[in-house]
Every structure is written in structure tokens, then in C-alpha cells.
Enquirer: 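Following this message is one structure expressed as C-alpha cells.
These values consider heavy atoms only, across backbone and side chains, with no hydrogens, waters or symmetry-generated copies. Below, chains carry the letters A, B, ... as their sequence lines are ordered, and counting in each starts from 1.
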Amino acid sequence: MRELGIDPYPPHLFPVNVTAEEIHKQYPADDTLFQDVSIAGRIMSRRIMGAASFAELQDATGRIQVYFKRDEICTGDDKSLYNVVFKKHMDLGDIIGVTGRVFVTKMGEISIHATGLKLLAKSLKPLPVVKEKEGKTWDAFTDPEQRYRQRYLDLIVNPHVKGVFEQRSQLMQIMRNFLSGKGYLEVETPVLQPLYGGASARPFKTYHNTLDTTLYLRIANELYLKRLIVGGFDGVFEFAKDFRNEGMSRFHNPEFTQMELYVAYKDYHWMMDLVEEMVETIALGIHGSTKVEVGQHTIDFQRPWKRFTMFEAIEHFTGIDISGMDETELRAAARQLNISTDASMGKGKLIDEIFGECCEDKLIQPTFITDYPLEMSPLAKKHREHEGLVERFEAICNGKEICNAFSELNDPIDQRERFMSQMELGKRGDDEAMVLDEDFLRALEYGMPPTAGLGIGIDRLAMIMTNSPSIQDVLFFPQMRPEKRQNDEDSEQEE
RNA sequence: GAUUCCGUAGCUCAGCUGGUAGAGCAACGGCCUUUUAAGCCGUGGGUCCUGGGUUCGAAUCCCAGCGGGAUCACCA
């Protein structure tokens, strides 16, 4: 092509003045429009019939057909632009710029009658060709490994994939507007932390050369946001990438996004109202309805959501009232429900286990589960009425937790004791136990107002809102094993 | 981490109980001035994931490894 004097990667801008979507929306309702268009995109299909051809052009908004006629794009005697450049040297996947006018073909398809054609970027690799007609699809690009590893290809070839990510972006935008609109401040806190905290998980560990110190990638930002509440902000939130060095599944990626929110002078009842309102707003914003199709179910986010205490939920699904049981009785109840237990499990763990086995996956419609065992929640405030419980709730939806929240523990003495018992667990070999954060305790000692806190899994919520069965479908680049072991010897030598 | 299924052309797949590879689309060469999964004629294209083993002979059987999916465990 270079021999023909054509730069396959020209440097100049191409003056686009219209998108495929705009044309489809406004034409032919007003057929005086679009008589001098300039549009750019990728060639997705081509049908050549001698001196005339049709091609489908895909831009960021969609596809539009382009009609090329030899004598229209080559007005002089030199027909090589059509005969040689277009027919021989252009391929599916090439990015081109087209000028022309919009018209409707005999077959009734809105198309662009091209008067000019320019190659903007050559594609050297063949594109998977997906064809569709009447709902049937040929040669779909479906291999999950290739779709995730080469997301760019997936996005080119599978248009609905873009829609999923647009909805994810919309979700975050709505949430951000919702929270900002209430006057809360969006903040940023450290990803690299000398101590990891705010959740029970194994961290990624790294090292800072100049400081000569170990740092951890955050597993949560909770403790930093609460420091900001101590500092006098009434409401702070952060969309936080968190990192947990744990197993992967269709619900878990090593890095994931959580939105955490802390609001002073509120409690967990207040926070439930906020979550309902916020998620309902998101559903309405994305789908125009509180009802969302998810797999086999229709989930309705209309307020108010059902609220159960954990004990009520267990009684509802198993018929067993465990609220007054001691550890031995709980163990017997678990055995009766075919739940395996081991000696290390305390009362709280047993309750949590029973709930997880018998209730969680049955909760399809959004439901708040409240009042968790104290042992499982070292950062939550003790329940105002019930011994052994904390003021905590989770929202369960489609059988999965979508958020976790509590009245935050602001008693520094109680907090220190909770950390101490976590460290006991750590000594007994629980590698997910929390570590004591002396600076956080110091902050609490200055006094933190009563505060309600929330963590909401953005990826999980996006899965529900976009009807995606796997977290990999709502992450552009889900974590995969490295494709090739390159320079194997080099890396071994570095070790 | 455990179990299980899968890995053949650029894409989607076929290849039965072992005889060293096939289709459609894409590509390449032709014909065709409003087609739409365009069509018609012709051509090329594969370390059958990798490495071992069994065998006269392996894409096929066996073992190990790599990669992926699903389920489970841990967790959000």
C-alpha cells in the first residue's frame, strides 16, 4: 500500500461530523438532513458486486451501511481508489473515513452513498466475523478465554458487551450524583497501607524501597474513612479498588471495587433507608423501572425492602428458633440441618454458617438481614438491646450479599478489646484475622461521632443490574493467568 | 485448593470403536452497478495446547504439564 502512495496510518485528523446513531434516529423522518456527512469507523462486513459494493461501518454508537459506487468515489479516469485500494487492499477491520450523503436503499436500509473514502488505520489481523439474521447468529466470538484476554476484540465484535460497561459506568455515575447531592464528600485514601484493615481477608504485600518498609494493598478503606469522620467531615465516600489475595470464582476477582460511605450522627436503620433509596434510584436510572431481569428472576428494587433479623430469617427458612441457644445447642441444630461443623467454630460462626447454608441463596428479592453475631463484626457497635449481637445489616439480593453496613463502633476501649480478640484468632492460625491499628485507635480516642457506615460491592451490583452471570463480564480485564511464560529463564535468575 | 468438562484453520465446529485432517464463514484469484448470513467458480491455509508413553501407526488410547469453563471451598 505504501508503494501506492497510501499511508496506512495517516497522521491527520478526520473531520467526523455525524455518528451512526444520529443518522438512524433522525433519518428518514427528515430526509433533508445528512446530505454532506463525514463519518469514520471500522469495516465490519463487505459485499462487493463488481463496480458497486456495500459495507457495514461500525463507529462508537453503532453500525451503518455504506454504499460505494466506483464512478462516484472515482470521478476521474483513475479508478484505482475503488478497483485497487478498496477492493484489493481493504479488509474487514480496517478503520476508514467516508464522506457522502444519506439515502435509503431499495431494500429499505438507511445507508450512506459514499463520495469519498480514506483509509485511517489498517487492520493487520483478521477479525472474527460474526453474522446475524433473524435472531440467529453464525460464528459468534464466544470463547470466554479469548473474550477476556482480548477484550478489545470482544468489544468490537460483540456489541452488547459495550452496553454492559456503559451501564456499569451509569451505575457509578448515578451513585456518585446521589451521594454528592446529599452533600457527602468524595475522597481518596491510600491504596498502599502499612497496615491492612477494615475487613477480614488476606492482603497482597509489597515493598517500598526508599522507606525500606513493607506495604500492603488495601483490602478496605474503612479505617481511613472513619479517621476522616473523626476529622470533622459529616459524610465521606470513596469508590475504592480493593485487593484481596484469595481464591477466584465467578463472584470474586483479586481486585474489585467497593463504594464505602460514612455518615456522622446516623445509625444502621437510617443507612438501610439510604441504601433502598439509592439502589432504587440506580435501577430506575439504568432501566427506567424498579424491576430488573436477572437470570430466571425478576428482581424488584422498589422500596421498602423486606427486613429480617438474622434469627428471624433462620427461623423462617428452617423452622428453628435459635435465638436463645447456647453453643452446644447451636451445634446440634447445625448438625440437624446437615451442616458440617468443627470444634473451632464459636457461637457466632455457627450462626453465620447456618444462615449462609439455609437462607442466603433463597433470598432473591432485595432483603435486609440485620443484627449479626458480635464475633463476626469487630468494627460494628454492640446492639442497643440484644447481648451478643451488633447493629449490622447486609442487603441480600439474587442470593448474594450486595452490601454490608453497621452502626460504627466508636468506643475506643471496646474497639481495642475487639482488636485484641482478633489477634487471638490470628495467633490460632486464622490468617484473615484483623491486625491491631494503633493509629486508628488513637483517632477514636479523640472521639468519633456516632456514625453509620456502608460498603457496597460495585461489581456485584453491576452483575445484577446488567444481568451478568460472572464478575468477569462486568470487568473489562478480569484477572487471568499470564498467557505465556515469557523469558522464563530471566525471571528465574532474578529470583 | 478440590472435583469435572474442554483445548483441531483467523472465527464457529465435525472428525464413531487408533490408519498421520475436514465443513461453513474469513483470506487469496476471478464474475457481477442497491446488496444484507449476498451469490457463483477457483485457490491457499493446521507443531490437531505441550511433553512423554503404548502401538507397525496417535487428533483419537494412557500419563504428566499448561490454559480455560463449570461446580465446590474461602470470601465481597
Enquirer: Less than 4.0 Å between a side-chain N and a carboxylate O, is that true for Lys79(A) and Asp71(A)?
Expert: yes

Enquirer: For Cys403(A) and for Met480(A), locate the closest nucleotide of RNA chain B by heavy-atom distance; then report the residue assigned to the nucleotide nearer the 5' terminus.
Expert: Met480(A)

Enquirer: Who is the Watson-Crick or G-U wobble partner of G39(B), with both distances under 3.5 Å?
Expert: C31(B)

Enquirer: For Thr189(A), which of Val236(A), Asn221(A), Leu223(A) qualifies under side-chain contact (heavy atoms from CB on, under 4.5 Å)?
Expert: Asn221(A)

Enquirer: Will you find, in the side chains of Tyr67(A) and Ser53(A), an N or O donor that is under 3.5 Å from an N or O acceptor?
Expert: no

Enquirer: Do the numbers put Arg46(A) on top of the ring of Phe86(A), so that NZ or CZ is under 6.0 Å from the six-membered ring centre and no more than 45° off the axis?
Expert: yes

Enquirer: Do any N or O atoms of the protein come closer than 3.5 Å to N or O atoms of nucleotides 21-25 of chain B, and which pairs are they?
Expert:
residue	atom	partner	partner atom	Å
G24(B)	N2	Asp139(A)	OD1	2.6
G24(B)	N2	Asp139(A)	OD2	3.0
C25(B)	O3'	Lys131(A)	NZ	3.0

Enquirer: What's touching nucleotides 30-34 of chain B from the protein side, N or O pairs under 3.5 Å?
Expert:
residue	atom	partner	partner atom	Å
C32(B)	N3	Ile48(A)	O	3.3
C32(B)	N3	Gly50(A)	N	3.4
C32(B)	N4	Gly50(A)	N	3.4
U33(B)	O2	Lys69(A)	NZ	3.4
U33(B)	O4	Asp71(A)	OD2	3.4
U34(B)	O2	Lys106(A)	N	3.1

Enquirer: Using purine N1 to pyrimidine N3 plus N6-O4 or O6-N4 for Watson-Crick, or N1-O2 and O6-N3 for G-U wobble, both under 3.5 Å, which nucleotide pairs with A2(B)?
Expert: U71(B)

Enquirer: Quick one: which of Glu260(A), Glu238(A), Glu188(A) gives a salt bridge (Lys or Arg N to Asp or Glu O under 4.0 Å) with Arg218(A)?
Expert: Glu238(A)

Enquirer: Mind checking who C13(B) pairs with, Watson-Crick or G-U wobble, both distances under 3.5 Å?
Expert: G22(B)

Enquirer: Please report whether the ring centroid of Phe368(A) lies less than 6.0 Å from that of Phe393(A).
Expert: yes

Enquirer: Among side-chain atoms of Glu432(A) and Ser200(A), is any donor-acceptor pair under 3.5 angstrom?
Expert: no

Enquirer: Do the side-chain N or O atoms of Arg202(A) get closer than 4.0 angstrom to the phosphate oxygens (OP1, OP2) of C74(B)?
Expert: no

Enquirer: Look at all strands and tell whether Arg149(A) reaches a base, only sugar-phosphate, or nothing, counting heavy atoms closer than 4.0 Å.
Expert: sugar-phosphate

Enquirer: Would you say Arg42(A) and Gln58(A) are linked by a side-chain donor-acceptor pair, where the criterion is simply a distance under 3.5 Å?
Expert: no

Enquirer: Does Arg47(A) make a side-chain N or O approach to OP1 or OP2 of U35(B) shorter than 4.0 Å?
Expert: no

Enquirer: Give me the residues of residues 452-478 of chain A where at least one heavy atom lies under 4.0 Å from an atom of RNA chain B, by number, or none.
Expert: Arg460(A), Gln472(A)

Enquirer: Counting distance alone, no hydrogens or angles: does the base of U36(B) have a donor or acceptor under 3.5 Å from a partner atom on the side chain of Glu56(A)?
Expert: no

